[in-house]
Amino acid sequence: MSNQNQAAKAAAPRTAITPTRAENFPEWYQEVVKAADMAENSPVRGCMVIKPYGYALWENIQKALDDLIKVEEVQNAYFPLLIPLSFISREAEHVDGFAKECAVVTHHRLEADADGKLVPAPDAKLEEPFVIRPTSETIIGDSMSKWVKSYRDLPLKLNQWCNVMRWEMRTRLFLRTSEFLWQEGHNAFETADQAEADARKMLEVYNDMYVNHMAIPGIMGEKTADERFPGALRTYTIEAMMQDGKALQACTSHNLGQNFAHSCGIKFQGRDGNEHFAHTTSWGLSTRSIGGLIMTHGDDDGLMMPPRLAPQQVIILPIIKGEDTGGVMAFAETLQKQLKAIGVRVQIDKSENRAPDKMWAAIKRGVPIRVEIGEREVAEGKLTHTRRDLGRDSKTTCTEGEFLGSVKGILDAIHTNMFEAAKARMLSRIYTTNTLAEVKAAFTDGRDLGYARMPVELLNDADYQAFKKENSLSSRCLPFEDEGRMVLIGKSY
RNA sequence: CGGGGCGUAGCGCAGUCUGGUAGCGCAACUGCUUUGGGAGCAGUGGGUCGAGGGUUCAAAUCCUUUCGCCCCGACCA
């Protein structure tokens, strides 16, 4: 390489992902998903294939969240994928909300037509079509109506991990797919206060999940009426901000009041001997959170996994020249065993790739800590480790013993650093405004796009509504900390 | 579902306007040299040009129908 080329390379270091975030954020996102080997499009329109590395992340999300949910004394169960059409029809608002995006099962058998092509058999048409669940309020409500007889049966707290389907016009891996994975919790209570407290409580659980596991900051608040779940009294949300300033609804928790109890017949004999309808809640977090994780933490070299959810927290890269005469692999395997013994998820890259290729593969997949072991180091009982979040400047050489003693602390430090960086980024892009003129300025004067925090009264201003439409803004939430006086608005995913 | 763009080797693209033997880069494979921040040389394999129909002696190229993908909007988690 010429000196000139070297100089050019130094001036503009090559990034593992092209385009960069600044050049084209949506394209960057897709490239990261591909480079990290998370998922790909499937032959089925709008549905994705989640690859092993992406699914491993989802499994870790499930484990962490499932534990948090069970602390709240929620029980897991499973309900059918197919929901009778009449069930969906029970709640008027609910129908309006989901009818447009339901996939419908109308036949129960295939047969060959005149041309020998398989078609749904005309005489196998179902009396009543089934809807592939877009969400399960109605079918779980049906079970609840049978299980709840007395106030002594309450509260009843159920959760299921499953797939759901919503026919989407425009899909993007993880962020919006026609089929996605999630958990949906459905709780039933004796009183309105209990249901309200529960909806808020489950939002706190999600916040715990986002802050302490995903390292993603968000603004907790209530949805405005136009953004509410169809059939809910109140919808609570955590709005996270992606690196392009757009909002991502990270999860939702709904107080459904007695709406679904009425339509599903969830009633019980109360302490007063009279019949009452239960008060229900529902709450969900989906594979969409993985999209949020990528767009919160990724950089121009690819994904950055938050350490507590990373499928591999440490990757060991043996650097072997020719034959492994120096015992490099043996040293790596011993280290792996010791790390596993203290509860660290660790993998050795045993591929025959060259050292730089192994390294870049680990960077693109966002493994929090890379450990390089060469022959010289084996002789000295040392190793070199590098943090994904800080990059090559964090390269440190220490003894094996020192590393074993510090690795957990390093993982915690990475988590904290990632969270604080994301939080600082988010807070610096929320503009507090008092007038419509300020709102307009916030979105048009060249500042980094983010959210405007404005007085709720402006929502009804015709001039604001026109501006909102022109700029494809939406109300993200009424932040709890503003006690209903302010609303966050922004563009969203 | 509206507006725009694109479908050619695993990936990224040229070739299309002006019809005439299917190309380039990367990746893959083989060999040798390399190996602690993206290696070098030599060689090899791989494509019914998204699909159907039409025009023509001849179609990746022209006409037509259709499917899919991406971006922006509307809708939504």
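Chain A is the first sequence line, chain B the second, and so forth, proteins listed ahead of strands; every chain is numbered from 1.
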Between [options], spot the one nearest the side chain of [X], thanks.
X	options	answer
A:Arg376	B:rG36, B:rC71, B:rG38	B:rG36
A:Ile319	B:rG36, B:rC71, B:rG37	B:rG36
A:Ala16	B:rU35, B:rC71, B:rG38	B:rG38
A:Lys364	B:rG38, B:rG36, B:rG73	B:rG38
A:Arg170	B:rG36, B:rG37, B:rA74	B:rA74
A:Glu168	B:rG37, B:rC70, B:rC75	B:rC75
A:Asp357	B:rG38, B:rG37, B:rG12	B:rG38
A:Lys100	B:rG37, B:rC75, B:rC71	B:rC75

For this session: Take the angle between the ring planes of A:His254 and A:Phe229 and call it parallel below 30°, perpendicular above 60°, tilted in between.
Result: parallel
Exercise. Which class fits the ring pair A:Trp161 and A:Trp58: parallel under 30°, tilted 30 to 60°, perpendicular over 60°?
Worked result: perpendicular
Touch check for [X], heavy atoms < 4.0 angstrom, all strands: base, sugar-phosphate only, or nothing?
X	answer
A:Glu375	base
A:Thr177	base
A:Leu175	base
A:Thr252	nothing

Exercise. Are more than 12 heavy atoms from other residues, nucleotides or ligands located less than 6.0 Å from atom NZ of A:Lys382?
Worked result: no
Calculate the interatomic distance between [X] atom [atom1] and [N] atom [atom2]; express it in whole Å.
X	N	atom1	atom2	value
A:Met48	B:rC69	CE	C1'	17 Å
A:Lys469	B:rG73	NZ	C1'	11 Å
A:Ile373	B:rU35	CD1	P	19 Å
A:Lys34	B:rC70	NZ	C1'	11 Å
A:Lys395	B:rG37	NZ	P	5 Å
A:Arg228	B:rC75	CZ	C1'	19 Å
A:Arg370	B:rG36	CZ	P	14 Å
A:Asp300	B:rG38	CG	C1'	16 Å

Please give the distance between the [atom1] atoms of [N] and [M] as a whole number of Å.
N	M	atom1	result
B:rG12	B:rA74	C1'	32 Å
B:rA60	B:rG19	P	14 Å
B:rU21	B:rA58	C1'	12 Å
B:rC49	B:rG40	C1'	34 Å
B:rU8	B:rU48	P	12 Å
B:rG37	B:rG73	P	43 Å
B:rG20	B:rC62	C1'	14 Å

Problem set entry | Any donor-acceptor N/O pair under 3.5 Å between B:rG37 base and A:Arg354 side chain | no
Exercise. Any donor-acceptor pair under 3.5 Å between the side chain of A:Ser472 and the base of B:rG73?
Worked result: no
Exercise. Under the criteria of a ring-centre distance below 5.5 Å and an interplanar angle below 30°, is A:Trp360 stacked with the base of B:rG37?
Worked result: no
Could you check which nucleotide pairs with [N] in any of the strands shown, counting Watson-Crick or G-U wobble with both distances under 3.5 Å?
N	answer
B:rU35	none
B:rC69	B:rG5
B:rU61	none
B:rA22	none
B:rC29	B:rG43
B:rC17	none
B:rA74	none
B:rU55	none

Problem set entry | Residue pair A:Arg133 / A:Asn163, side-chain donor-acceptor N/O under 3.5 Å | yes
Exercise. Is a side-chain donor-acceptor pair under 3.5 Å present for A:Thr384 with A:Glu377?
Worked result: yes
Problem set entry | Ring-ring centroid check A:Phe260 A:His186, cutoff 6.0 Å | no
Exercise. A:Lys63: what forms a side chain to side chain contact (heavy atoms under 4.5 Å, CB included) with it, not counting sequence neighbours?
Worked result: A:Asn60
Exercise. Of A:Ile17 and A:Leu248, whose nearest nucleotide on RNA chain B comes first from the 5' end?
Worked result: A:Ile17
Problem set entry | Most 5' of A:Trp182 and A:Ser42 on RNA chain B, judged by nearest nucleotide | A:Ser42
Pair up each side-chain donor or acceptor in residues 355-362 of chain A with any protein partner under 3.5 Å, not counting sequence neighbours, and list the distances.
unit_1, atom_1, unit_2, atom_2, d
A:Lys358, NZ, A:Pro318, O, 3.2
A:Lys358, NZ, A:Asp349, O, 3.4
A:Lys358, NZ, A:Ser351, O, 3.2

For this session: Check whether any side-chain N or O of A:Asn41 sits under 4.0 Å from OP1 or OP2 of B:rC70, and answer yes or no.
Result: yes
Exercise. Counting only side-chain N and O atoms of A:Gln30, is one of them less than 4.0 Å from OP1 or OP2 of B:rC71?
Worked result: yes
Exercise. Does A:Pro479 reach the side chain of A:Leu488, with side-chain heavy atoms less than 4.5 Å apart?
Worked result: yes
